[in-house]
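Worksheet: one structure, shown below.
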Amino acid sequence: MRPDVPSAPAVDPAATLLLVVGRNNWKRGSRGLSRVVDELGRAGMPVLRYESRTGDTRRWLDERAEPWLAALPAGWAALPAVRWLLKLGLLAGRPSRWDYLFARRHEVHHTGVAALRRFIARQHGRRVVLLTHSAGGIAGAMAEDAPPLLCHVCFGYPFQHPERPPEPRRTEVLARVARPLLIVQGERDEYGSAAEARRRWPLSPAITLLAVDDDHQYDALGEAEIQALLHTIKAFIGLAPAGAAAHPPENPD
């Protein structure tokens, strides 16, 4: 890890909300990220996991479709048309969720940016620290102008999908970021490493890239790396003394 991550002025953890916005695929959590969130919660920060209305309906559909798909022959269950028809049938009985059919065509990331921005703006009386993963980081960068937002920590910014050509909508926002943004990027991240990001895309001076020895999932970090990362993040958001070391101590000879 690089030890030169900037430190923010001290904040009151009880008056600062940690808002967690996850990746596009809700089924793919991260043990490393969950550990960081838990530790920040123990430091006194209220933690809230945000999910858009579209994301909530997507989860609802997946959970209810799974038993039906499991009962079908494997070949049928794997057909996208079968899965979509099944979900249409589930939606037919829930008029309150019909807006999903329209919203999903326009919501290109895990959360609608406008909805996330409105949610952050409603957090009256406390500051907000965003902690995002993958596609949540794109939405967070786009919603950074919400007044209560203090700073943003993103794990695994998806600079480029490994199976697609470059998509400017993923990276153009990074040149305009004004609030402090710490991107924790795996050196083996298939969506782009920190070194690749510095080389290929214009990045705002407000962005700090921190390389760690992991991939896009952040499940391989050891205990020493987790503790070092926590120290760095706490300093970045103002929960640790400025100037504290952001890397694990060297083993004595």
Side-chain angles (χ1 to χ4, degrees), residues 1 5-24 26 28-53 55-56 59 109-113 115-158 177-185 206-210 212 214 217-219 221 225-242 244 246:
M1 292 185 186
V5 175
S7 299
V11 298
D12 177 4
T16 307
L17 174 68
L18 183 69
L19 184 61
V20 182
V21 185
R23 61 186 301 180
N24 205 18
W26 66 268
R28 301 190 66 183
S30 166
R31 291 192 298 272
L33 187 59
S34 295
R35 175 74 183 281
V36 169
V37 171
D38 290 345
E39 291 294 332
L40 293 176
R42 291 190 186 98
M45 295 184 70
V47 176
L48 181 62
R49 295 183 181 273
Y50 177 83
E51 189 169 47
S52 71
R53 178 173 174 79
D56 175 69
R59 181 194 296 265
H109 303 304
H110 172 80
T111 178
V113 174
L116 177 60
R117 187 183 290 114
R118 288 193 298 269
F119 185 86
I120 296 173
R122 289 199 298 267
Q123 305 308 308
H124 302 296
R126 55 184 175 181
R127 306 302 298 275
V128 174
V129 171
L130 268 181
L131 185 66
T132 65
H133 186 193
S134 194
I138 303 175
M142 292 179 173
E144 68 149 12
D145 55 343
L149 186 62
L150 181 66
C151 60
H152 178 187
V153 178
C154 173
F155 279 73
Y157 192 93
V177 167
R179 294 248 169 79
L181 168 56
L182 172 62
I183 298 178
V184 180
Q185 201 74 8
I207 295 176
T208 300
L209 277 168
L210 181 65
V212 296
D214 211 330
Q217 196 62 21
Y218 300 93
D219 284 340
L221 295 173
E225 293 170 305
I226 287 283
Q227 291 302 322
L229 185 55
L230 278 166
H231 202 111
T232 298
I233 292 173
K234 287 180 179 180
F236 178 77
I237 66 180
L239 291 181

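Positions are given from 1 along the sequence.
- The shortest non-hydrogen separation linking Arg127 to Pro148 is NE-O, 3.3 Å.
- With a 4.5 Å cut-off on side-chain heavy atoms, Ile237 and Val11 do not count as touching.
- Minimum heavy-atom separation, His133 to Tyr218: NE2-CD1, 3.9 Å.
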Can you list the steps and then say if Ile226 with Glu39 is a side chain to side chain contact (heavy atoms under 4.5 Å, CB included)? CA-CA 10 Å; Ile226 287 283; Glu39 291 294 332; 5.8 Å; no

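- Rounding to the nearest 0.5 angstrom, the gap separating the CG atom in Leu33 from the CD atom in Gln217 is 9.5 Å.
- Considering OG1 of Thr208 and CG of Leu181, their distance stands at 8.0 Å, rounded to 0.5 Å.
- When all heavy atoms of Asp219 and Gly32 are compared, the closest pair comes out as OD1-N, 3.7 Å.
- Applying side chain to side chain contact (heavy atoms under 4.5 Å, CB included) to Leu209 and the options Ile183, Leu182, Val5 leaves one that passes, Ile183.
- To the nearest 0.5 Å, the span separating OH on Tyr157 from CD1 on Ile207 amounts to 8.0 Å.
- The nearest pair of heavy atoms linking Val37 to Val20 is CG2-CG2, 4.0 Å.
- Judged as a side-chain contact (heavy atoms from CB on, under 4.5 Å), and not counting sequence neighbours, the contacts of Asp12 are Ala14, Ala15.
- Counting only heavy atoms from C-beta outward, the side chains of Asp214 and Glu225 never approach each other to under 4.5 Å.
- Taking every heavy atom of both residues into account, Arg179 and Leu150 meet most closely at CD-O, 3.9 Å.
- Phe119 has its side chain within reach of Leu19: a pair of non-hydrogen atoms, C-beta onward, lies under 4.5 Å apart.
- Side-chain contact between Phe155 and Leu229: present, with at least one pair of heavy atoms (C-beta onward) separated by less than 4.5 Å.
- Looking at residues two or more places apart in sequence or on another chain, you find no salt bridge (Lys or Arg N to Asp or Glu O under 4.0 Å) involving Arg122.
- We find the CG-CD1 distance between Leu116 and Ile120 to be 4.0 Å, quoted to the nearest 0.5 Å.
- Atom CG of residue Leu149 and atom CZ of residue Arg117 lie 11.0 Å apart, to the nearest 0.5 angstrom.
- Of the options Val47, Ile233, Thr16, Val129, a side chain to side chain contact (heavy atoms under 4.5 Å, CB included) to Leu40 is made by Ile233 and by none of the others.
- Taking both residues in full, the closest heavy atoms of Leu130 and Gly140 are given as CD1-CA, 3.6 Å, listed atom of the first, atom of the second, then distance.
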